[in-house]
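Worksheet for the structure shown next.
Atoms within each ligand, like the ligands themselves, are counted from 1 in listed order. Fair warning: this is a prediction, and the values are worked out from it, not measured in the lab.
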Amino acid sequence: MKIGVISVQGAVPEHLNACRAALDDMGKRGEVLTVRHLDQLRSVDCLVIPGGESTTISKLLRKFGLFDEIIKMGSEGTPIMGTCAGCVLLAKEGGEQAERTSTELLGLMDMAVDRNAFGRQRESFESPLTIAGLDEPFPGVFIRAPLITKAWGGCHVLSVYKDQAVMARQGDLLALSFHPELTGDARLHRMFFDMV
Ligand code: GLN
């Protein structure tokens with residue numbers, strides 16, 4: 001299994017480590033590689049889009065010629081996990097903030113997000129989350145996180161925080177508004193690899 005981590009900006013090394021830890025836990029052999037070029041992208045079996053700054057990541061995906069190929073791969077069944085800014089990019093609708101910053105979204109998932117939904121006062125916090133498919137709560141690390149404000153069609157909510165959606169799945173696409181790669185807990189990376 002070849003796992004690609006989009007490496008244009010954001011929490012890349014943390015995801016590379018979490019992917020390797022998940023593979024080890026599962027006793028699976030696999031290769032985890034950074035993706036910055038089209039040939040690298042085309043070679044992977046699944047893809048992680050990390051957190052960071054969604055406007056910047058979006059622009060860099062265009063600049064490096066990866067944007068349309070990610071849409072193509074995601075539509076044709078390549079599993080993709082987007083965390084935080086990656087979650088924003090997977091959405092079809094990015095709300096007022098995405099419009100104001102002219103952030104082009106990949107639009108692969110039937111969901112709307114609200115960027116920086118927790119505002120400035122509570123930019124970052126941690127909270128245990130109940131997640132469909134996990135027996136024990138998962139440590140949710142939220143950093144200037146988005147919320148999933150609407151899910152329709154084939155998009156299903158897997159976790160909520162205070163009645164608002166923070167994780168969703170559509171086919172083999174997984175969107176998390178928090179940062180599993182910063183927790184030392186590889187269960188959600190394992191959940192993702194189980195889909196591959
Ligand atoms: N607030 C950022 C954005 O909307 C996401 C923050 C993050 O990925 N930690 O792009």
Under 3.5 Å donor-acceptor pairs involving side-chain atoms of residues 69-81, not counting sequence neighbours:
residue : atom : partner : partner atom : Å
Glu69   : OE2  : Arg42   : NE           : 3.4
Ser75   : OG   : Ile71   : O            : 2.4
Thr78   : OG1  : Met73   : O            : 3.4

Between Phe125 and Tyr161, what is the ring plane arrangement, given parallel below 30°, perpendicular above 60°, and tilted in between? tilted
By the definition side-chain hydrogen bond (donor to acceptor under 3.5 Å, both in side chains), identify the one residue from Gln9, Gln97, Glu104, Arg115 that meets it with Thr55. Arg115
Would you please write out the protein residues whose heavy atoms approach any atom of ligand 1 to under 4.0 angstrom, listed by chain and number? Gly51, Gly52, Glu53, Ser54, Cys84, Ala85, Arg115, Asn116, Ile143, Arg144, His179
Any non-hydrogen side-chain atom of Phe178 less than 4.5 Å from a side-chain atom of Cys87? no
Quick one: which of Lys92, Lys150, His156 gives a side-chain hydrogen bond (donor to acceptor under 3.5 Å, both in side chains) with Asp110? Lys92
Hydrophobic clusters here meaning ILVMFWY residues chained together by side-chain heavy-atom distances under 4.5 Å, can you tell me if Ile3 and Leu47 are in one? no
